[in-house]
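Working notes, structure below.
No experiment lies behind these values; they were computed from the predicted model shown. Letters A, B, ... mirror the listed sequences (proteins, then strands); counts begin at 1.
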Amino acid sequence: MQSNLVGEYRNDYNPNWCPGCGDYGVLRSVGMAFQELGLRNEQIVMVSGIGCNGRFPHNFKTYGIHTLHGRVLPIAQGIHIANPELCVVGIAGDGDAFAIGGGHVPHTARRNPDITYIVLDNGIYGQTKGQPSPTTPLGYKTKVTPEGNQEDPIDITRLALAYGVSFLARGFPGKPNHLAHLIAEGIRHRGFALIHVLNPCPTFHDTWKEYPAKTVEIGPEHDPNDYDAALGLIGRQDKIPIGIIYKQTRPTLAERVRVTSLQKLELKQVLSTFR
Amino acid sequence: MQSNLVGEYRNDYNPNWCPGCGDYGVLRSVGMAFQELGLRNEQIVMVSGIGCNGRFPHNFKTYGIHTLHGRVLPIAQGIHIANPELCVVGIAGDGDAFAIGGGHVPHTARRNPDITYIVLDNGIYGQTKGQPSPTTPLGYKTKVTPEGNQEDPIDITRLALAYGVSFLARGFPGKPNHLAHLIAEGIRHRGFALIHVLNPCPTFHDTWKEYPAKTVEIGPEHDPNDYDAALGLIGRQDKIPIGIIYKQTRPTLAERVRVTSLQKLELKQVLSTFR
Amino acid sequence: MDLTIRFAGESGDGVILAGEVLTYAISRIGLKIFTFRTYPSSVRGGPCLYQLRASDWHAYSQGDQLDILVAFDTEAIASHSKDLKPDGELIFDEDRTPKTYSSLRKRSLGAPFTSIAKNELRLPKARNMVVAGYVGAHIGVSKEILEEVVRNKLGSRGEELLNTNLLAINTGFGLAPKATPIALPKTPSNKIILSGNQAIVLGAIAAGCRFYAGYPITPASDILDSMVSLLPGFGGAILQGEDEIASLGAAIGASYAGIKSMTATSGPGLSLMTEMMGLSSMAEIPVVIVDAQRGGPSTGLPTKTEQSDLNHAVYGGHGDATRIVLAPGNVEDCFHQTIRAFNLAERYQLPVILLTDQSLAQLTEGVPMPDLESIKITEREKAELAEIDGFRRYAVTHDGISPMTLPGEAFGEYVAESVEHDEKGRPSFGPHAHSEMSAKRFRKLTTATKELAEDPLNVMELPDPDADLAVIGWGSTQGAIHEAILRARKNGTHVRWLQCKLLNPLPEAQLSKFLKGAKKVLVPELNYTSQFANLLRARLGIDAISLTKTEGLPFTPDEILRKIEEVA
Amino acid sequence: MDLTIRFAGESGDGVILAGEVLTYAISRIGLKIFTFRTYPSSVRGGPCLYQLRASDWHAYSQGDQLDILVAFDTEAIASHSKDLKPDGELIFDEDRTPKTYSSLRKRSLGAPFTSIAKNELRLPKARNMVVAGYVGAHIGVSKEILEEVVRNKLGSRGEELLNTNLLAINTGFGLAPKATPIALPKTPSNKIILSGNQAIVLGAIAAGCRFYAGYPITPASDILDSMVSLLPGFGGAILQGEDEIASLGAAIGASYAGIKSMTATSGPGLSLMTEMMGLSSMAEIPVVIVDAQRGGPSTGLPTKTEQSDLNHAVYGGHGDATRIVLAPGNVEDCFHQTIRAFNLAERYQLPVILLTDQSLAQLTEGVPMPDLESIKITEREKAELAEIDGFRRYAVTHDGISPMTLPGEAFGEYVAESVEHDEKGRPSFGPHAHSEMSAKRFRKLTTATKELAEDPLNVMELPDPDADLAVIGWGSTQGAIHEAILRARKNGTHVRWLQCKLLNPLPEAQLSKFLKGAKKVLVPELNYTSQFANLLRARLGIDAISLTKTEGLPFTPDEILRKIEEVA
Ligand SMILES: Cc1ncc(C[n+]2csc(CCOP(=O)(O)OP(=O)(O)O)c2C)c(N)n1
Ligand SMILES: Cc1ncc(C[n+]2csc(CCOP(=O)(O)OP(=O)(O)O)c2C)c(N)n1
Ligand code: SF4
Ligand code: SF4
Ligand SMILES: [Mg+2]
Ligand SMILES: [Mg+2]
């Protein structure tokens with residue numbers, strides 16, 4: 001039934017992902033989130049980078065822009081400032097978001113644009129056929145690391161908290177309803193929401209078996225408004241918590257700088273001050 | 001007397017910083033650190049970015065490279081890999097290191113090259129005459145933020161810990177001996193050492209008065225090997241701690257990937273496998 | 001009447017402000033003015049220079065030699081005396097320069113400016129205003145006009161500041177020797193005084209720009225600063241990006257969502273923007289990029305002028321990418337070409353690069369008050385919407401221009417694409433899509449060439465069908481060339497001249513027409529590799545004599561005149 | 001003897017491996033081989049193609065039409081039948097294609113490959129090897145040679161894998177109809193089979209490259225992969241950068257410290273590297289940059305070929321920046337031009353860009369075993385050190401080349417500079433420093449032009465003083481042009497041909513000599529805007545007829561031949 005509902009947003013585009021790719025599940029969850037929120041198609045702008053997930057927007061009857069590798073956030077911010085009524089959803093891979101595009105994240109977090117940023121973290125460069133990404137686990141063998149990856153992976157949630165993102169959640173396409181809910185909450189949140197998706201890549205980094213055992217849903221005892229509790233949560237060694245990790249209300253970027261139709265100055269007058 | 005000692009490394013170059021600029025003090029502390037370590041001039045490579053501090057290397061009778069805005073770390077890593085015997089010292093401003101160059105920091109931290117990275121944080125773009133940098137305090141007025149800066153500044157030490165830098169210290173040119181000691185310890189440390197310098201810019205962001213009252217030296221009760229203690233330390237609201245915040249021993253980048261003179265393969269043989 | 005005054009001293013002396021006060025005053029009297037300045041490369045300290053040329057004739061450049069040198073210290077005398085005309089005057093500060101030193105010059109005037117500011121006014125910082133008053137009186141500007149200017153500039157900054165500055169001006173005025181050696185013609189004028197950078201900001205606002213994103217860089221940062229002070233008043237927004245890539249990215253995003261957007265940078269930033277420029281070409285999203293060129297390559301000479309980013313503006317970036325390149329020739333032109341840049345970006349849905357350089361960006365000129373009513377604004381072509389089977393954003397049209405929709409408009413949904421695509425914006429890597437879409441994108445430039453064929457903004461011309469020698473220039477060299485041409489003609493040399501402002505696509509028809517019958521072409525430009533001369537050869541087969549200069553400084557009219565006389 | 005076989009199917013069918021086994025086998029027999037492949041744009045799924053041309057004649061390109069189409073499924077028949085010669089053969093899988101469908105062709109051969117692999121071998125994945133054995137037998141390759149190849153390729157991957165593959169090959173071999181229609185000449189050869197990317201990696205290692213930094217990007221990523229498997233064995237180091245800027249930065253850093261360094265990328269990455277390339281020019285630090293071009297602009301066509309980064313390679317980047325651009329014409333050339341790239345980078349202390357494209361990077365050819373002893377290696381000029389008053393790193397020399405030192409060498413200390421500087425590398429913004437240093441830097445290119453004037457690696461030529469028509473090509477078009485020229489000559493058409501491998505600075509003397517007496521020049525290239533033709537016009541005033549193709553595919557010899565016949 002849900003997939004029917006999602007149909008309102010889905011078009012006839014055929015994704016060309018490998019069989020079993022986590023992206024299929026995330027796609028469905030995104031559609032479910034739109035459905036849950038009852039968004040109008042034309043109100044949605046999906047901004048993707050380059051990677052296997054780059055063609056996410058093509059699957060929806062919404063606005064979208066398939067940008068460059070690593071540049072989802074700057075472009076999404078421009079859209080948000082230009083028209084804060086839009087629902088701007090960014091999609092990027094772990095490599096796109098945290099290798100080539102990593103420099104944009106802290107500054108986006110500081111500015112707090114009303115953007116939901118879904119990072120599909122498969123711990124690998126899928127599109128370019130299997131090189132290590134910033135989140136590839138230590139010791140994992142890839143074509144570039146035949147003896148196993150020797151660089152400590154980054155912890156996306158730890159970085160997000162250090163950067164001060166105002167909404168942080170983590171989900172898994174193996175739990176599509178839960179993930180859909182997180183995405184919907186991210187969109188509801190007024191500000192920069194980062195959704196970290198633990199995303200299996202059966203072709204180069206298959207975690208379908210691993211995550212169901214490793215992840216645990218965050219319970220109601222966790223107060224997402226508590227920064228220190230959030231820090232504690234992501235520091236857990238035993239399990240990977242999924243759910244809403246952190247949440248904070250702050251003015252958005254557009255609330256501070258947005259384009260308006262208010263014109264206080266007259267150009268003619270301004271010109272005459274230059275005498 | 002100290003300035004005499006520094007003379008072994010200083011040349012006749014005249015820095016053109018504004019009177020009272022913090023850079024003068026840092027320059028002296030860097031020389032003192034070289035002195036303390038008894039480094040040979042030719043062993044040192046100073047790598048600077050673009051900013052008021054970009055001409056640091058020119059003041060020393062050492063090797064150096066004045067690079068591009070934001071690119072100190074990639075270039076310094078190449079030097080370190082090519083010749084791990086060198087003492088590679090990076091110098092960059094807050095804008096250079098954490099705005100345009102911010103994307104390189106987490107990946108450098110993960111790789112842990114044996115580089116000492118001195119970030120001269122004056123909370124402003126000095127060279128371009130006073131625009132806000134990523135560390136400009138909230139509410140601070142600049143030409144670009146006439147109503148006061150509205151973006152939360154980043155916390156360099158928090159980012160550094162989230163990134164996993166293996167040595168983190170903070171100093172202040174108002175305490176030149178202390179700062180010199182921190183730099184020397186950073187150079188001694190085998191791995192990526194980030195020295196966060198609270199650096200006054202009397203022209204655009206004068207903190208000469210502010211810091212002596214706000215800073216406090218880290219006492220012997222702090223164990224820099226304790227990550228959580230380090231996190232606690234930088235979370236202090238009352239004072240800004242200066243001293244060695246964190247320290248960890250890990251293999252360096254060059255230890256893992258360095259260029260060697262060992263040649264295990266013969267090109268001729270390799271070629272004949274392509275039949 | 002043609003008067004060139006240079007103010008020179010240490011950064012921090014207030015050299016620039018003194019010069020500016022006189023500039024505004026002289027402009028109010030009705031003279032043409034032209035000024036430029038150099039900044040020290042360090043933030044403080046280092047020599048600093050402001051040069052003002054005033055004329056009732058054609059003063060299109062900063063001039064060649066000085067009539068008056070106002071030296072704030074001995075150093076300034078040492079560095080700049082060589083540029084004084086043989087009978088030029090030196091005005092110096094007796095407190096800072098030994099009489100013996102200054103009396104080396106025949107004509108020198110001095111007063112103890114430092115001690116007057118310190119002891120009489122008890123305000124050492126106001127020394128520059130004392131000097132301004134002194135010089136003003138000396139060249140025959142009235143006290144009233146000087147006061148008007150100071151009031152207009154400082155009126156909003158508080159009574160106290162205003163009053164001390166007025167006092168300083170008046171004190172200086174009184175000090176000047178009564179015999180006024182220079183008589184200025186007076187026909188009060190309503191001109192406004194703008195730098196190139198300011199004219200660009202005002203032009204952008206006039207064109208409808210409501211989003212500006214930029215990363216600071218000399219000599220483009222003033223644009224960010226001016227935007228901050230003006231754009232919000234027009235309902236616009238500003239973003240200081242974390243780098244140039246983010247800045248251009250945000251501008252493209254905002255434009256995609258329907259707001260006219262701009263960024264400004266200098267060489268290193270333009271290089272960083274290269275990949276993002278390609279996105280604007282491929283996804284067909286209008287955007288305006290200002291490049292205030294400086295000496296290159298690499299970090300180069302941040303505070304010095306050069307015209308060496310032309311190649312990159314025209315050819316830079318991987319792949320075959322569409323773009324339009326404009327280069328204004330003076331401050332007034334900066335205003336109009338910026339408006340045009342927005343119009344062309346909207347019309348042809350591509351990046352438009354506006355090339356200025358440090359000298360044009362930072363010099364000031366008197367500019368006639370623009371007639372705002374006559375300004376024409378172009379908007380992007382909007383698609384008619386209907387719920388058919390999907391909007392064809394990249395519809396293959398005869399002129400290459402495909403109507404657009406904006407996010408928020410129902411039934412106009414589409415994906416703007418960075419990879420090759422079909423008409424609907426869906427990725428398509430087949431041979432047909434790429435050849436068809438490449439042709440469609442470049443058809444826009446063919447259309448532009450047609451639509452702009454007669455546009456007077458493409459070129460500025462002084463034709464002469466009898467002249468064998470044709471000079472073709474571009475960008476900020478306009479003033480120096482203009483003046484050289486007039487002087488050459490005065491000398492009886494036949495020469496025709498065209499300043500090209502549309503650099504890509506080139507206005508081939510206008511160029512051919514202009515060149516008809518010419519035997520030799522001289523192309524003066526401020527770079528090492530004769531970039532524009534090579535472009536003319538590549539595009540039009542013109543073999544030009546190239547006059548280049550790679551010193552980080554503008555041409556003087558004399559340098560160009562000499563070359564004209566040499567090759568004519 | 002000239003045989004073109006295409007293997008087509010779905011990605012995942014093992015199409016490529018089947019083709020490769022036959023390639024190696026045929027090369028061992030002594031035929032010239034030439035192969036190319038296309039990848040689907042998605043990671044898995046989508047059509048996939050491997051084409052092999054074998055010849056005892058001049059097979060310089062992938063050929064025009066197919067002698068044999070090996071179709072793994074019906075889809076492949078549908079898409080590729082049109083490329084079969086009228087009397088070409090179709091080999092198909094009876095399990096996947098209805099007989100009726102395949103019998104549309106006169107000459108078709110089928111076997112139930114899928115069910116044999118599944119039921120007889122119990123290894124559905126080995127189907128491709130069954131096909132390889134079948135095709136091998138059909139065209140007359142011996143079972144022994146096929147087995148040798150499989151052993152050489154899979155020997156190190158374990159007994160079991162090897163044995164099932166040998167079994168599959170043999171099974172397929174046995175299935176083929178006994179009457180062998182094609183007789184292959186046999187003169188065993190020692191050639192090695194390399195892709196362009198592999199040849200570059202081996203060339204780099206031969207040249208002394210000991211540091212490679214790169215960021216993955218199609219179609220350059222194979223270089224990173226091959227470097228990983230080879231460079232450490234030679235004592236070298238690899239860094240996968242966080243982006244292209246970091247990768248080139250690390251390479252420049254390592255080179256500054258004395259290690260020959262390289263990076264490789266494709267269009268989008270090259271655009272991102274623009275500013276960093278300028279640093280290499282300004283600071284005079286040798287570095288080699290490989291650009292495996294793909295369709296552009298922007299993200300463009302990642303898996304398709306194009307020659308549209310030439311403009312950027314030659315002109316890209318702000319400021320007047322020195323660089324050398326090379327473009328190898330085939331796989332063997334990739335090896336030698338890469339060595340040369342390092343030699344020139346070291347000699348002239350600047351960035352050298354090596355332009356390949358997707359087709360050349362990923363096609364494979366049989367290459368004569370290189371004579372390693374004859375390879376000449378150039379090292380950067382080392383400074384004589386003495387404790388005088390500071391090392392003049394940027395000494396102004398007559399040839400522009402200033403001797404260098406390396407960190408670690410006492411008395412050689414200096415600061416490599418990104419801003420304009422004096423001889424010692426101290427920032428200097430005066431007019432003199434910039435003009436002198438610009439001239440010094442560009443003098444290196446003048447020196448290069450002189451030193452390389454006669455270098456046979458600059459060009460490859462088939463001259464003909466009597467031919468009015470001259471063809472000038474560059475890069476990967478070499479094979480298709482070569483073949484077209486030979487065919488044209490066979491047809492009696494007079495035509496001369498030069499393939500240019502040194503693109504900046506252009507080998508003007510060789511070009512002029514080659515062109516002497518020619519009346520028309522034809523420039524075939526794979527881009528929309530005739531980039532090389534325009535470069536020739538800009539630099540040499542040559543007005544060329546341009547033959548372009550913008551389909552993401554290489555030229556076929558026939559396309560070029562037709563144009564030659566048309567304009568000759
Ligand atoms: C500037 C640039 N550099 C490199 C590439 C090549 N590239 C395309 S996708 C990709 C990595 C994709 O990894 P990730 O972002 O994790 O996405 P995934 O494919 O794993 O979903 C790279 C390196 C590019 N398109 N542009
Ligand atoms: C690519 C590029 N963009 C912009 C600039 C201009 N620029 C020079 S220094 C600087 C900022 C300097 O600030 P910071 O790094 O904090 O150093 P500071 O001057 O404050 O010491 C900028 C934006 C440049 N040189 N290169
Ligand atoms: S490579 Fe991995 S991420 Fe990409 S489509 Fe295949 S399974 Fe998905
Ligand atoms: S502007 Fe600030 S940082 Fe720069 S030299 Fe002056 S005081 Fe120092
Ligand atoms: Mg990934
Ligand atoms: Mg700073």
Looking at [options], which has the largest count of heavy-atom pairs under 4.5 Å with chain C?
options: N527(D), T322(D), T529(D); answer: T529(D)
options: G430(D), G300(D), A321(D); answer: G300(D)
options: G278(D), G296(D), S298(D); answer: S298(D)
options: L270(D), L272(D), I542(D); answer: L272(D)
options: E420(D), E436(D), E275(D); answer: E275(D)

Spacing of [atom1] belonging to [X] relative to [atom2] belonging to [Y], to within rounding of 0.5 Å:
X: D320(C); Y: M282(C); atom1: CG; atom2: CE; value: 10.5 Å
X: Y256(C); Y: L279(C); atom1: OH; atom2: CG; value: 11.5 Å
X: D291(D); Y: D309(D); atom1: CG; atom2: CG; value: 4.5 Å
X: T305(D); Y: K549(D); atom1: OG1; atom2: NZ; value: 10.0 Å
X: L553(D); Y: L526(D); atom1: CG; atom2: CG; value: 9.0 Å

Need one label for [X]: side chain, backbone, both or neither, based on atoms under 4.5 Å from any heavy atom in chain C.
X: R441(D); answer: side chain
X: A439(D); answer: both
X: I245(D); answer: side chain
X: Q307(D); answer: neither
X: E306(D); answer: side chain

- [ ] For the residue pair D558(C) and T556(C), confirm or rule out a side-chain donor-acceptor distance under 3.5 Å.
- [x]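 No - no donor-acceptor pair under 3.5 Å links their side chains.
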With chain D as the partner, which of [options] has the greatest number of non-hydrogen pairs under 4.5 Å?
options: S435(C), P427(C), S418(C); value: S418(C)
options: G269(C), S266(C), P268(C), G316(C); value: P268(C)
options: P302(C), P297(C), A313(C), A433(C); value: P297(C)
options: S281(C), G267(C), S280(C); value: G267(C)

Task: Contact origin within Q531(C) toward chain D - heavy atom pairs under 4.5 Å - done: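 Side chain only.
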Open item on the list: Contact between R323(D) and M277(D) at the side-chain level, heavy atoms closer than 4.5 Å - yes or no?
Closed with: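 Result yes, sub-4.5 Å side-chain heavy-atom pair found.
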Task: Close side-chain approach of H318(D) to S308(C), heavy-atom, < 4.5 Å - done: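 Side-chain contact under 4.5 Å: no.
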Task: Heavy-atom pair of closest approach, residues S438(C) and T550(D) - done: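 In this case the closest contact between S438(C) and T550(D) is OG-CG2, 3.4 Å.
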Open item on the list: The test is side chain to side chain donor-acceptor pair (under 3.5 Å); show your working for N504(C) and R539(C) and say whether it passes.
Closed with: CA-CA 10 Å; N504(C) 195 59; R539(C) 294 280 160 87; 2.8 Å; yes
